[in-house]
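Keep in mind the model is a prediction, meaning the values are calculated, not measured. Below, chains carry the letters A, B, ... as their sequence lines are ordered, and counting in each starts from 1.
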Amino acid sequence: MELTLVEENPYRFRIEPRGDMRVPGIVFASHDLLEDAEKSLEQVVNVATLPGIVGASYAMPDIHWGYGFPIGGVAATDVDDGGVVSPGGVGFDISCGVRLLAADGDRRSLWPALPDVMDGLDRAIPRGAGPGGVWHLSGPGELERILDGGSRYAVERGHGEERDLTRCEDGGAVADADGAQVSGRARERGLGQVGSLGSANHFLEVQQVAEVYDERVAAAFGLVRDQVCVMIHCGSRGLGHQICTDHVRAMDRAMNRYGITVPDRQLACTPVDSPEGRAYLGAMAAAANYGRANRQLLSDATRRIFHRAARTRLSLVYDVSHNLAKLETHTVDGARRRLCVHRKGATRAFPPWHRELPEDIREFGQPVLIPGTMGTASYVLAGVPGGDAFHSTCHGAGRVMSRHQAARTVAGKELRARLERGGIAVRPRSLRGLAEETPEAYKDVSAVVEASEGAGLCRTVARLVPLGVVKG
DNA sequence: ATGTAC
């Protein structure tokens, strides 16, 4: 399809509605980033045809090709006007997200203990494909409590502290989880993976604050220059994946009954307010809670290592997902509307004073955590007033090279040596997996962050660089 | 992302 992009400003491009598009496409990017995005713009156009979509079909600067929706896509549908929910608008890794913990020490004080910390993490953090997790559940009943209570349940059971809940999106758990909509197979897959990283771009990193762009906001978030941090990037493992699979199938079968046609089968959807829509959202919320509990238990395991090896405490800066659909109220054309906001590879970025933000940081806007590529930088951003795209921003650096291509570019051993030479301790589970994640395989995360800030979606607070990487 | 294909 021929696409015409109109440049509205250097970081904002518009695709005028045509054909079945109900709204325009709005792509936030720089000219450079746009070059890699060309193919996935077709997916931005497809999303614009969804029933009930309002505003625009948005794409963040890290847009790349995904299942149905582009990764980096944001779309909101009007619940009270036939708006749909689509599992493809969340993706397979439901509730994939990032958690940042701040240590009570800087690089200099932690440096002597770092090898011990890394070896401890190497032993303690389950990772890679398949089963394994730090928490051995007592049985299916306990999984139910996790699906219902998220990290709130993990903290109740002694695996965390109160701040882990106040500084987590949704206070650690969403209330509308419906375990009855989670299939037996999804439960089976989830049972043995609570407290595990997974593979691919998921990671646990020991980092240091390399640069602070706004000292006041950084301090409120709990960050100062040279401070050591831990960043955890992971999702809902096989459970979320299975939930996506199950509900895409159910919606694909049901769509006809609602008279819905979509340009791509991967956009299977039904109205939010339908049995299938409610079932998906209930199961998705259960996976969201599983994802939070997963990150909570990995934090707990990490804290034990830091305490034992370095007598260092870790406190939560924030935990936020970049793969979720949420029912939120926003103003559209001057009226308050109940919307289903899909964010897929896009991070919620609430503005200052939003009532859902933790009280102690409310005036600064929501912390947004951007995981970088192994060996490069990660960022802490903050939501800004008037943020566009229903208060959303980027989520990281998208891939530009396939796994296969990446593994051909560099040998795992060589990459490990290169990282170690650069002062980054590496604890990979497999060298092949490490090679697939080589930094050259990804876009420049700094360019993505710069474009997001330029587009008025967020502002930068701090840049973090890795001291040690634990990978699947 | 993912018991890396049902």
Side-chain angles (χ1 to χ4, degrees), chain A residues 40 43 60 62-73 86-99 126-133 143 182-194 196-204 232-250 252-253 265-266 283-284 286-288 290-292 294-295 298 320-325 342-347 370-371 373-374 395-408 412 428-437 441-443 471-472:
Chain A
S40 18
Q43 296 191 311
M60 302 296 119
D62 45 342
I63 178 177
H64 56 284
W65 189 264
Y67 179 90
F69 279 58
I71 295 163
S86 173
V90 172
F92 277 86
D93 194 3
I94 298 169
S95 188
C96 180
V98 185
R99 165 177 295 224
R127 54 203 193 272
L143 182 64
V182 178
S183 69
R185 187 186 277 204
R187 288 157 186 279
E188 214 172 282
R189 292 179 68 175
L191 204 54
Q193 298 184 323
V194 184
S196 65
L197 269 186
S199 54
N201 70 344
H202 287 165
F203 64 74
L204 186 154
I232 299 172
H233 176 207
C234 65
S236 54
R237 305 293 329 274
L239 178 124
H241 192 278
Q242 190 63 46
I243 286 172
C244 182
T245 304
D246 293 340
H247 288 263
V248 164
R249 185 174 303 151
D252 187 54
R253 288 178 184 148
R265 242 183 126 172
Q266 296 184 351
M284 184 212 70
Y290 184 97
R292 272 74 171 274
N294 191 24
R295 291 192 285 275
L298 287 169
V320 64
S321 170
H322 44 235
N323 284 2
L324 273 185
H342 302 72
R343 295 186 184 89
K344 178 187 191 179
T347 314
I370 305 299
T373 308
M374 177 176 61
H395 88 303
R399 273 198 103 86
V400 289
M401 213 185 268
S402 71
R403 307 197 163 284
H404 187 71
Q405 200 182 348
R408 264 185 323 185
R429 194 164 175 277
S430 84
L431 286 170
R432 160 82 195 198
L434 193 72
E436 289 177 350
E437 293 298 310
Y442 287 86
K443 281 182 208 176
K471 289 287 280 185

- Item | Whole-Å gap separating C1' (B:dA5) and CD (A:Gln242) | 14 Å

- Query: Does a side-chain N or O from A:Ser199 land closer than 4.0 Å to OP1 or OP2 of B:dT4, or not?
  - Reply: no

- Item | Between P of B:dT4 and NE2 of A:His202, the distance in whole Å | 16 Å

- Message: Counting the atoms with a prime plus P, OP1 and OP2 as sugar-phosphate, which does A:Arg399 contact under 4.0 Å by heavy atoms, base, sugar-phosphate, or nothing?
- Response: nothing

- Message: A:Arg432: which residues meet the salt bridge (Lys or Arg N to Asp or Glu O under 4.0 Å) condition with it, sequence neighbours left out?
- Response: A:Glu436

- Quick one: is B:dT2 close enough that its OP1 or OP2 comes under 4.0 Å of any side-chain N or O from A:Arg237? yes

- Query: Within this structure, what is the CD-to-C1' distance between A:Glu436 and B:dT2, rounded to whole angstrom?
  - Reply: 13 Å

- Query: A:His247 has an atom NE2; how far is it from atom C1' of B:dT2, in whole Å?
  - Reply: 17 Å

- salt bridge (Lys or Arg N to Asp or Glu O under 4.0 Å) involving A:Arg265 - partner list, sequence neighbours excluded: A:Asp252

- Task: Rounded off to whole Å, could you give me the CD-to-C1' distance for the A:Gln405 and B:dT4 pair?
- Result: 18 Å

- Item | Whole-Å distance separating the CD atom of A:Glu437 from the P atom of B:dT4 | 17 Å

- Rounded distance in Å - CZ (A:Phe92) to P (B:dT4): 13 Å

- Message: To the nearest 0.5 Å, what is the distance between SG on A:Cys96 and NE2 on A:His202?
- Response: 3.5 Å

- Validation row, ring centre A:His233 to ring centre A:His395 under 6.0 Å: no

- A:Glu188 near the nucleic acid: base, sugar-phosphate alone, or nothing, with a heavy-atom cut-off under 4.0 Å? nothing

- Rounded to whole angstrom units, what separation is found between the CZ atom of A:Arg249 and the P atom of B:dA5? 16 Å

